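Starting from 1, each residue takes its place in the sequence as its number. Fair warning: this is a prediction, and the values are worked out from it, not measured in the lab.
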Amino acid sequence: MNNTMTIKINNKKAIKILHDLEELNLIEVIRDEVTLSTGKISEKYRGSLSKESGQELNQHIKQMRNEWHNTF
């Protein structure tokens with residue numbers, strides 16, 4: 001049986017339980033390597049939105065800011 005799952009741990013007690021299960025050879029904990037990108041975020045996401053979608057998003061943001069400023 002070779003099923004792989006990704007889980008989100010909500011409580012630190014779960015980590016101990018997972019380690020206990022691993023020691024019993026019931027599961028294998030695979031630790032993901034976290035890599036930090038050294039590039040700019042703008043370069044990473046450039047082109048992910050069409051020009052039209054970007055303009056619509058900017059317009060929506062401007063509208064929200066105006067509503068925010070008019071409320072206070």
Side-chain angles (χ1 to χ4, degrees):
M1 184 175 189
N2 190 9
N3 293 328
T4 302
M5 301 173 123
T6 301
I7 61 169
K8 177 182 171 189
I9 297 178
N10 293 326
N11 189 308
K12 290 181 181 181
K13 293 177 184 178
I15 295 173
K16 182 179 179 346
I17 293 170
L18 290 173
H19 287 297
D20 291 343
L21 292 172
E22 188 175 29
E23 287 179 9
L24 293 170
N25 291 322
L26 296 174
I27 65 168
E28 177 184 358
V29 176
I30 301 170
R31 290 157 185 85
D32 290 334
E33 293 289 326
V34 177
T35 57
L36 299 176
S37 174
T38 57
K40 293 182 177 180
I41 293 176
S42 59
E43 292 172 2
K44 180 177 180 180
Y45 293 106
R46 180 173 285 133
S48 60
L49 285 178
S50 69
K51 186 173 183 176
E52 183 180 276
S53 295
Q55 289 172 344
E56 289 175 4
L57 180 60
N58 280 333
Q59 185 62 34
H60 184 69
I61 291 170
K62 286 179 188 177
Q63 179 185 349
M64 288 183 351
R65 286 180 179 155
N66 287 335
E67 289 173 1
W68 177 261
H69 291 294
N70 290 338
T71 325
F72 295 102

**Item:** Other residues, nucleotides, ligands: >12 heavy atoms within 6.0 Å of Glu67 CD
**Value:** yes
**Request:** List in chain and number order the residues that pass side chain to side chain contact (heavy atoms under 4.5 Å, CB included) with Ser53, two or more places apart in sequence or in another chain; answer none if no residue qualifies.
**Result:** Leu49, Ser50
**Item:** Contact list for residues 5-15, test side chain to side chain donor-acceptor pair (under 3.5 Å), sequence neighbours left out
**Value:** none
**Request:** Applying side chain to side chain contact (heavy atoms under 4.5 Å, CB included), name anything that partners His60, two or more places apart in sequence or on another chain.
**Result:** Gln63, Met64
**Request:** Any chance you could measure Glu56, atom CD, to Glu52, atom CD, to the nearest 0.5 Å?
**Result:** 5.0 Å
**Asked** Is Ile17 linked to Ile9 within one hydrophobic cluster, defined over Ile, Leu, Val, Met, Phe, Trp and Tyr using a side-chain heavy-atom separation of less than 4.5 Å?
**Response** yes
Would you be so kind as to tabulate the donor-acceptor pairs closer than 3.5 Å made by side chains of residues 19-30, with sequence neighbours excluded?
unit_1 : atom_1 : unit_2 : atom_2 : d
Asp20  : OD1    : Lys16  : NZ     : 3.4
Asp20  : OD2    : Lys16  : NZ     : 3.1
Glu22  : OE2    : Val29  : N      : 3.2

**Under 4.5 Å side-chain linkage, directly or through intermediates, the cluster mates of Ile41** = Tyr45
